[in-house]
Amino acid sequence: MKRFALKIFLFLTLIALVVCIPGVIFERLAINTTNVSPYARINEVNDMKDVDADLIILGNSRAEMGYDDSLMTSLCGMKCLNLAYSGYSFDYEYHIMYESYLKHNKKPEYIIVDVGPIVFFDHNKPVYNIQMLPYLNRSEFEFYIDLCPQLTKAHKILPIKYFGKMAKVMKEINRLMYPEENHTEKKRKVQWNKNKDFYGKPQPLENNKTIIELFGRFLAECKTQNIRVILVCSPLHTNDGSKYFDMEGFWDIVMWCNKDTQFPMATYQDFFGNDTLCFSDPGHLNEYGKQLFTTKLIHDLDSVGIINE
C-alpha cells in the first residue's frame, strides 16, 4: 500500500513539474517584456513609480491615439500622462491601469476620461485569456478572477492556473521569446484606412451593467477625493464612424453615471467631420489629428477655466 501511495505521489509530483516549469518560464517572460502586447502596457504601468502626474488620461485605444501627453504638458504647464489601455473597456482601464498607477503615485489633480461608444461600456473580445493569467496574484486583478467563470481563487496557484493549457503556454513562450512585428506593439497607421465598410452597419449600444455601475462609482470616488474629472468624447469620422453608433443612447448612459457628480462633459465627436486627413480609421485619429485635437482640447479647457483655475 505504501509503495502504491509513493508511486501516486511521484506521479503527481512529475505532473506538477511538467506544468510548473513552462508556467514559471512563461510568467517570467511575460512580466519582463517591454514590446509584446498586452503584457508590455501592464508592465509599464506597474513600473511607474513617483511619476506623480498632475493630469492623467484614461481610456482605450481612442485615448491612446487621440491625446498627446507631451504636447499637453507643454501647452498647459502641468505634468500630463496618458494611461490609456488599447483594446479594453473601462473595467480593465480602472483596475489594471488606474489602480496599478495609484499604488506607487500620488492621486492626480485632474483626470480626462475619453468616453466613447466603442469598447468602453462593454468588452469586444473573449474575457478569459491566458495572457492575463501571469498577473492573477496582483490585487488589481481580483476583478478579473470575479469576471471569468473559468477562474477561482485557487487559480492563483501556478500548477492549477496552467493545468491543461500547455499548448497555449508554449505558444505564448514562443511569442515572447521571438516577437515578430505583428505580435509587438503595432505602429499606428498615418494614412486613412480605405475600407469604407469599416463598421458597415449599425453597431449595438454598449451597456454592460457591471461596467456602467463601476464607472459611476469611479466618478463618485473622484468627487470624494477632490479629483476633477473631465469627460471627453474624442473625434469620430462622421459618415464612416459616428453614424453607425447610437450616440444618443451612449450619452444617456454617460449622463446617468454623471448625474450625482456633474463633472464637465465635452464632445468632439464631429469635430473633424469627414476629413480623412485626421484619421487612421473611422474610430481613431492619426498623428496629425492627435496634434490638432490635443491643441484644441487644451485651449478649450483652459479658456473656460476647467483647468489652470
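The structure displayed is predicted, hence computed values, not measured ones. Residue numbers start at 1 and run along the sequence shown.
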Establish, yes or no, whether a centroid distance under 6.0 Å links the rings of Phe90 and Phe215. yes

Report yes if the distance between the aromatic ring centroids of Phe293 and Phe272 is under 6.0 Å, otherwise no. no

If we ignore angles and hydrogens, is there a donor and acceptor under 3.5 Å between the side chains of [X] and [Y]?
X	Y	answer
Thr261	Asn258	yes
Asn35	Thr33	yes
Ser61	His284	yes
Asn60	Tyr85	no
Ser100	Glu140	yes
Tyr94	Glu221	yes
Asp91	His123	yes
Tyr244	Asn239	no

Of all heavy-atom pairs between [X] and [Y], which one has the smallest distance, and what is that distance?
X	Y	answer
Ser234	Tyr67	CB-OH, 4.0 Å
Pro38	Ile42	O-CG1, 3.6 Å
Tyr144	Asn129	OH-N, 2.8 Å

Asp300 vs Tyr268, test: side-chain hydrogen bond (donor to acceptor under 3.5 Å, both in side chains). Steps then yes/no. CA-CA 11 Å; Asp300 289 352; Tyr268 293 83; 2.7 Å; yes

Salt bridge or not for [X] and [Y], using N-O below 4.0 Å?
X	Y	result
Arg41	Glu64	no
Glu172	Lys165	no
Arg138	Glu99	no
Glu142	Lys153	yes

Within 45° cone and under 6.0 Å: Lys125 NZ/CZ vs Tyr88 ring: yes

Within 45° of the six-membered ring axis of Phe263 and under 6.0 Å from that ring's centre, is NZ or CZ of Lys223 located there? yes

If you measure from [atom1] on [X] to [atom2] on [Y], what distance do you get to the nearest 0.5 Å?
X	Y	atom1	atom2	value
Glu213	Ile211	CD	CD1	11.0 Å
Leu151	Leu133	CG	CG	6.0 Å
Ile307	Tyr110	CD1	OH	7.0 Å
Ser139	Lys103	OG	NZ	5.0 Å
Glu44	Leu83	CD	CG	8.5 Å

Counting only heavy atoms not in Gln150, do more than 12 sit closer than 6.0 Å to its CD atom? yes

For the side chain to side chain contact (heavy atoms under 4.5 Å, CB included) test, which of Leu71, Leu297, Asp302, Ile298 pairs with Cys76? Ile298

Students often mix this up, so state it plainly: with edges at 30° and 60°, are the rings of Phe250 and Phe121 parallel, tilted or perpendicular? tilted

[Y] and [X], any side-chain heavy atoms less than 4.5 Å apart:
X	Y	result
Phe279	Asn286	no
Val24	Leu158	yes
Val115	Val232	no

Where do Lys161 and Glu27 land on the salt bridge (Lys or Arg N to Asp or Glu O under 4.0 Å) test, with the steps shown first? CA-CA 11 Å; Lys161 188 188 302 185; Glu27 294 202 347; 2.7 Å; yes

Could you check Asp240 against Phe198 for side-chain contact (heavy atoms from CB on, under 4.5 Å), going step by step and ending with a plain yes or no? CA-CA 7 Å; Asp240 296 325; Phe198 193 88; 5.8 Å; no

Output, in order, the C-alpha distance, side-chain angles, deciding distance and verdict of side-chain contact (heavy atoms from CB on, under 4.5 Å) for Ile111 and Leu55. CA-CA 6 Å; Ile111 300 177; Leu55 183 155; over 6 Å; no

Qualifying residue for ring-ring contact (aromatic ring centres under 6.0 Å, His included) with Tyr135, from Phe26, Phe141, Tyr92: Phe141

